Amino acid sequence: MGKTLVHGAASARIVETEAYLGLRDRAAHAWRGLTPRTKILFGPPGHAYVYLIYGMYECLNISAEGEGSPGCVLIRALEPLTGLATMRRRRGAVKRDQDLANGPGKLTIAMGITRKHNGVDVTRGSLTVNEAAGEGFEVGVSPRIGIRHNVDWPLRFFVAGNDCVSG
DNA sequence: CAATAGATCATCT
DNA sequence: GATGATCTATTGC
């Protein structure tokens with residue numbers, strides 16, 4: 001939370017995330033165990049897990065926890081910092097800057113992230129997560145969005161008051 | 001402003 | 001063969 005996601009000329013601040021706990025979390029993709037799709041989650045931490053949702057959109061996760069432990073963090077919203085013109089071109093008819101990446105499917109389009117990035121190490125390479133630009137923000141907590149299981153688990157986190165947090 | 005429909009496909013049963 | 005960690009346009013008040 002608060003760290004900077006960088007891909008080429010585009011960079012943005014992570015302002016909304018969700019945690020998925022792996023084998024003990026029925027809402028998590030890795031809940032059933034190791035499959036071809038979830039193998040990245042069972043690998044070492046700090047790697048991108050990008051998957052297609054609803055046949056149209058891609059979502060970005062970062063693997064967490066150690067090898068064999070498939071916890072991960074879903075990146076749900078970003079505050080655009082640089083490369084705004086590029087994001088706007090990729091996103092089409094979007095009016096406000098804060099709407100460029102205020103959702104899981106929107107941010108992958110704005111940042112140019114696709115399934116080609118599945119498995120990449122985000123500590124080095126073209127797609128990286130860097131240290132936070134600023135500090136001192138307040139983190140809000142709520143249940144996760146768009147899932148059917150464990151609907152009441154407080155595993156969604158967001159920068160309180162930030163305009164780019166999704167509704 | 002709220003509710004709804006439609007787009008569209010990889011993955012797992 | 002059903003389903004889903006979504007978004008947008010459109011309809012209806």
Side-chain angles (χ1 to χ4, degrees), chain A residues 1-3 5 7 10 12-43 45-65 68-80 83-84 86-120 122 127 129 139-160 162-167:
Chain A
M1 185 68 73
K3 291 181 190 267
L5 183 69
H7 185 220
R13 184 166 168 245
I14 298 171
V15 297
E16 181 178 348
T17 62
E18 282 179 3
Y20 286 86
L21 305 185
L23 297 171
R24 63 183 183 284
D25 181 3
R26 217 177 155 194
H29 285 177
W31 169 64
R32 293 168 192 285
L34 181 60
T35 70
R37 181 171 67 155
T38 60
K39 74 178 181 204
I40 299 301
L41 298 177
F42 284 82
H47 288 247
Y49 166 53
V50 184
Y51 70 96
L52 184 68
I53 186 66
Y54 298 130
M56 312 203 91
Y57 296 100
E58 282 152 314
C59 293
L60 170 67
N61 299 251
I62 308 296
S63 64
E65 306 188 13
S69 187
C72 70
V73 175
L74 169 69
I75 310 300
R76 275 197 64 86
L78 303 172
E79 176 186 342
L84 279 280
T86 303
M87 294 188 195
R88 195 171 276 282
R89 173 164 42 78
R90 289 197 273 236
R91 288 275 290 128
V94 171
K95 295 177 182 172
R96 307 173 310 173
D97 286 349
Q98 67 243 39
D99 292 328
L100 286 170
N102 63 339
K106 299 178 190 178
L107 71 90
T108 53
I109 296 172
M111 294 292 291
I113 297 168
T114 70
R115 279 164 289 167
K116 286 186 311 191
H117 297 97
N118 192 41
V120 303
V122 298
L127 177 65
V129 176
V139 177
V141 181
S142 82
R144 293 175 290 184
I145 292 176
I147 54 172
R148 310 183 45 161
H149 302 284
N150 304 328
V151 172
D152 54 340
W153 291 13
L155 293 178
R156 170 173 175 259
F157 307 94
F158 53 92
V159 173
N162 189 287
D163 286 340
C164 298
V165 173
S166 72

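In this text, all values refer to a predicted model and were calculated from it rather than measured experimentally. Note that these values count all heavy atoms, side chains included, but never hydrogens, waters or copies made by symmetry. Lettering of chains follows the sequences in order, A, B, ..., and the numbering in each one begins at 1.
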Return the value, rounded to whole Å, for the distance between atom [atom1] of [X] and atom [atom2] of [N].
X        : N      : atom1 : atom2 : answer
A:Met56  : C:dG4  : CE    : P     : 18 Å
A:Leu52  : B:dA7  : CG    : C1'   : 12 Å
A:Tyr54  : B:dT11 : OH    : P     : 16 Å
A:Trp31  : B:dC12 : CH2   : C1'   : 12 Å
A:Glu58  : B:dT8  : CD    : P     : 15 Å
A:Arg26  : C:dA5  : CZ    : P     : 12 Å
A:Asn61  : C:dT6  : CG    : C1'   : 14 Å
A:Phe158 : C:dA5  : CZ    : C1'   : 17 Å

Which part of the nucleic acid, if any, lies within reach of [X] when heavy atoms closer than 4.0 Å are counted: base, sugar-phosphate only, or nothing?
X        : answer
A:Arg91  : sugar-phosphate
A:Gly105 : sugar-phosphate
A:Arg144 : nothing

Which listed nucleotide (B:dT11, C:dA5, C:dC7) is nearest to the side chain of A:Lys106?
C:dC7

From the set C:dA5, B:dA10, C:dC7, return the single nucleotide nearest to any side-chain atom of A:Pro104.
C:dC7

Please answer whether C:dA5 and A:Tyr20 are stacked, defined here as ring centres separated by less than 5.5 Å and planes angled under 30°.
yes

For a quick test of reading the model: is some side-chain N or O of [X] closer than 4.0 Å to OP1 or OP2 of [N]?
X        : N      : result
A:Arg32  : B:dT13 : yes
A:His29  : B:dT11 : no
A:Arg148 : C:dG4  : yes

Gap between atom CD1 of A:Ile62 and atom CG of A:Leu127 - 0.5 Å precision:
6.5 Å

Partner of B:dT8 by Watson-Crick or G-U wobble geometry, both contacts under 3.5 Å, or none?
none

Pairing partner (Watson-Crick or G-U wobble, both distances under 3.5 angstrom) of C:dA5
none

Quickly, which of A:Ile109, A:Leu78, A:Leu84 forms a side chain to side chain contact (heavy atoms under 4.5 Å, CB included) with A:Leu100? Name it, please.
A:Leu84

Option among A:Asn118, A:Leu107, A:Ile53, A:Thr108 that satisfies the side chain to side chain contact (heavy atoms under 4.5 Å, CB included) test with A:Glu58
A:Thr108

The residue, A:Val94 or A:Ile147, whose nearest nucleotide of DNA chain C is more 5′ is A:Ile147

Whichever of A:Arg115 and A:Tyr57 has the more 5' nearest nucleotide on DNA chain B, that residue is A:Tyr57

Assign the ring pair A:Tyr51 / A:His29 to parallel, tilted or perpendicular, where the plane angle (0 to 90°) is split at 30° and 60°.
perpendicular

Please find the pair of heavy atoms, one from A:Leu41 and one from A:Cys72, that lie closest to each other, and give the distance.
CD2-CB, 3.6 Å

Side chain of A:Tyr51, base of C:dA5: donor and acceptor closer than 3.5 Å?
yes

Partner of A:Glu16 under salt bridge (charged side-chain N to carboxylate O under 4.0 Å, His left out), chosen from A:Arg144, A:Arg76, A:Lys106:
A:Arg76

